[in-house]
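Chain A is the first sequence line, chain B the second, and so forth, proteins listed ahead of strands; every chain is numbered from 1.
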2 protein chains.
Amino acid sequence: MAVQDASPRNSLQAKKQEVVRGEIWNAAIDLFFEHGFDNVHVDQIAAKAGVSRRTFFRYYGSKEDVMGATVKRYGEALAQAIRDQKAELSSLEAAKAAIKQVLAPTLHTTERVVQVAERSPAARMAQFLQVPLLERDVTWAFVSRSKRATKESALEHRILASLTMTATGMCVEIWVKDQKRPMPEIVDEVFAAIVHLFRAEDEKLKTSRR
Amino acid sequence: MAVQDASPRNSLQAKKQEVVRGEIWNAAIDLFFEHGFDNVHVDQIAAKAGVSRRTFFRYYGSKEDVMGATVKRYGEALAQAIRDQKAELSSLEAAKAAIKQVLAPTLHTTERVVQVAERSPAARMAQFLQVPLLERDVTWAFVSRSKRATKESALEHRILASLTMTATGMCVEIWVKDQKRPMPEIVDEVFAAIVHLFRAEDEKLKTSRR
DNA sequence: AGCGTAATGGCACACCGTGCCATTGTCAAC
DNA sequence: GTTGACAATGGCACGGTGTGCCATTACGCT
């Protein structure tokens with residue numbers, strides 16, 4: 001049988017698998033960081049992780065997948081955080097608060113990953129490939145927050161999810177550029193831009209309707 | 001020399017290259033459509049297009065690239081259409097108008113491509129991979145429309161671009177689902193959702209500020 | 001006609017991803 | 001503690017991919 005039917009039939013084995021998965025992940029990121037994403041081959045990762053090439057592929061579909069895993073974890077945490085926001089907050093406020101909670105810790109523990117993505121377009125793409133999947137999760141998160149799900153609001157939830165992912169990307173980018181700035185400040189700046197955009201467009205619509 | 005230095009030094013040769021590129025594209029889409037994206041190999045495409053495997057790779061980096069090319073063309077046309085909108089329109093209105101102009105014709109001439117993407121996740125991913133690149137172009141298009149580019153508005157232009165790409169994706173999705181509906185109607189629906197979202201969030205912010 | 005350049009085709013090669021099976025390890029029941 | 005069932009691993013082989021290299025062909029120009 002392949003690794004994990006996603007049925008944690010035995011939680012002990014499941015934990016051991018997570019250890020292996022982590023081992024491989026660490027080995028991969030170390031190598032990416034040192035030699036650049038594009039110059040690392042699967043064999044090297046497997047060797048460094050102490051497993052066979054074949055086993056590597058049982059845990060990750062490719063080295064791109066290793067990069068994607070980081071984004072995936074972030075996305076799942078973000079979706080959960082959105083769900084956990086107080087009901088009084090609007091969707092956008094919830095997104096803002098969730099990003100504030102989740103992004104800074106994530107970046108802190110995966111700073112090397114960000115650097116790797118910085119230096120290799122292929123690595124960035126590997127990360128980006130996760131976005132549509134995450135957007136689905138985030139959309140769900142917004143849906144589960146809304147009282148009644150009308151058909152029109154389905155579209156709005158998807159737009160919100162897209163905005164949330166874009167905002168995340170922009171925050172990371174700014175954070176990389178101005179290394180020193182605190183994350184909450186950056187998040188505020190990005191969401192201020194969103195709100196400002198909302199207002200400006202709204203104004204424009206009102207005046208042009210005359 | 002590889003194909004095309006991107007310098008159209010001789011427009012005649014350049015045109016012949018475009019013919020070959022088109023030949024390969026047609027062959028690929030035909031095969032994708034008939035056998036499914038995942039079951040087609042590069043060799044088959046090359047054979048059908050009447051070129052060698054090696055030459056295929058000079059025109060497209062992979063079969064995924066062939067799928068991406070369609071999206072790329074759309075994105076470029078869209079960016080141009082945005083630039084061409086009347087200056088009185090707000091950015092969002094310009095985006096809406098541009099999508100109305102560009103999306104319907106594109107879908108009409110590439111309906112088989114949409115079907116291929118429908119049936120294969122890998123094909124969809126190949127298309128999606130183009131989005132960040134296109135978003136850059138579209139961002140530029142919005143920038144070149146705005147009178148003076150302040151630093152804050154840079155963020156807003158990127159948000160706009162992201163919204164525009166998302167809107168496009170949603171329009172296509174709806175169009176596929178309800179085959180009969182005319183594109184302008186779909187676009188109106190999607191942008192109505194965006195505006196409604198803007199308003200709702202704005203209201204929420206105003207009331208919560210008390 | 002003949003020269004120069006660009007496109008092509010045909011290797012060869014390293015790498016990737018996967019099916020297959022033999023081996024190893026682990027847990028449970030007896 | 002031995003045995004039996006089953007999951008995880010490693011090793012092999014194979015088909016597919018993407019690219020460097022070079023010989024050959026086709027084309028444009030004088």
Side-chain angles (χ1 to χ4, degrees), chain A residues 1-24 27-28 31-32 35-69 120-123 125-126 129, chain B residues 1-24 27-28 31-32 35-69 120-123 125-126 129:
Chain A
M1 178 188 262
V3 169
Q4 266 308 66
D5 271 19
S7 58
R9 108 219 79 73
N10 184 339
S11 85
L12 195 120
Q13 289 192 348
K15 265 177 195 169
K16 283 175 49 172
Q17 286 176 1
E18 279 318 303
V19 171
V20 176
R21 200 182 302 278
E23 209 61 43
I24 295 175
L31 289 171
F32 293 161
H35 303 111
F37 182 79
D38 308 289
N39 303 318
V40 176
H41 302 297
V42 173
D43 308 73
Q44 304 172 29
I45 302 172
K48 178 146 187 167
V51 299
S52 70
R53 199 179 102 86
R54 192 64 187 78
T55 293
F56 170 91
F57 280 116
R58 282 196 244 269
Y59 284 89
Y60 295 95
S62 59
K63 67 173 181 174
E64 281 77 17
D65 248 39
V66 180
M67 289 300 288
S120 159
M125 284 309 190
L129 224 41
Chain B
M1 175 187 263
V3 170
Q4 269 306 62
D5 270 17
S7 58
R9 104 218 81 72
N10 183 341
S11 86
L12 195 118
Q13 289 193 347
K15 264 178 196 169
K16 283 177 47 172
Q17 285 177 0
E18 279 319 302
V19 170
V20 175
R21 199 182 301 278
E23 209 61 44
I24 294 175
L31 289 171
F32 293 161
H35 302 110
F37 182 79
D38 308 290
N39 303 317
V40 176
H41 302 297
V42 173
D43 308 74
Q44 304 171 29
I45 302 173
K48 178 146 187 168
V51 299
S52 71
R53 201 179 102 84
R54 192 65 186 81
T55 292
F56 170 90
F57 280 116
R58 281 196 245 268
Y59 283 89
Y60 294 95
S62 60
K63 66 174 181 172
E64 282 76 18
D65 248 40
V66 180
M67 288 299 288
S120 161
M125 285 308 191
L129 223 43

Review point. When the nearest nucleotide of DNA chain C is assigned to V51(B) and to D43(A) on a heavy-atom basis, which residue is associated with the more 5' position?
Key: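 Result: V51(B).
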Exercise for review: Output yes when at least one side-chain N/O atom of K63(B) is less than 4.0 Å from OP1 or OP2 of dG16(D), else no.
Suggested key: no
**Study point:** N/O (side chain, Y59(A)) to phosphate O (OP1/OP2, dT9(D)) under 4.0 Å
**Key:**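 Yes, because at least one side-chain N or O of Y59(A) sits under 4.0 Å from OP1 or OP2 of dT9(D).
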Length of the [atom1]-[atom2] vector between [X] and [N], whole Å:
X      : N       : atom1 : atom2 : answer
E64(B) : dG18(D) : CD    : P     : 6 Å
Y60(A) : dT18(C) : OH    : P     : 16 Å
I24(B) : dT8(C)  : CD1   : C1'   : 11 Å
N39(B) : dG15(D) : CG    : C1'   : 14 Å
E18(A) : dA7(D)  : CD    : P     : 18 Å
Q44(A) : dA14(C) : CD    : C1'   : 12 Å
F37(B) : dT17(D) : CZ    : P     : 10 Å
D38(A) : dG18(D) : CG    : P     : 15 Å

Interatomic spacing from [atom1] in [X] to [atom2] in [Y] - rounded to 0.5 Å:
X      : Y      : atom1 : atom2 : value
M67(A) : S62(A) : CE    : OG    : 11.5 Å
Y59(A) : E18(A) : OH    : CD    : 8.5 Å
I45(A) : F56(A) : CD1   : CZ    : 4.5 Å
H35(B) : H41(B) : NE2   : NE2   : 10.5 Å

Review point. Do K48(A) and Q44(A) come within less than 4.5 Å of each other through their side chains, counting heavy atoms only?
Key: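 They are not in side-chain contact.
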Practice item. Only counting residues at least two apart or in another chain, list the ones meeting side chain to side chain contact (heavy atoms under 4.5 Å, CB included) with L129(B). Key: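 Counting only residues at least two positions away or on another chain, L129(B) forms a side chain to side chain contact (heavy atoms under 4.5 Å, CB included) with M125(A), L129(A).
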Check your understanding: Considering residues at least two apart in sequence or located in another chain, which fulfil the ring pair (Phe, Tyr, Trp, His ring centres under 6.0 Å) criterion with F37(A)?
Key -> F32(A)
Taking only nitrogen or oxygen atoms into account, show me every contact under 3.5 Å that the protein makes with nucleotides 11-14 of chain D, one pair per line with its distance.
{"residue": "dG11(D)", "atom": "O6", "partner": "R54(A)", "partner atom": "NE", "Å": "3.4"}

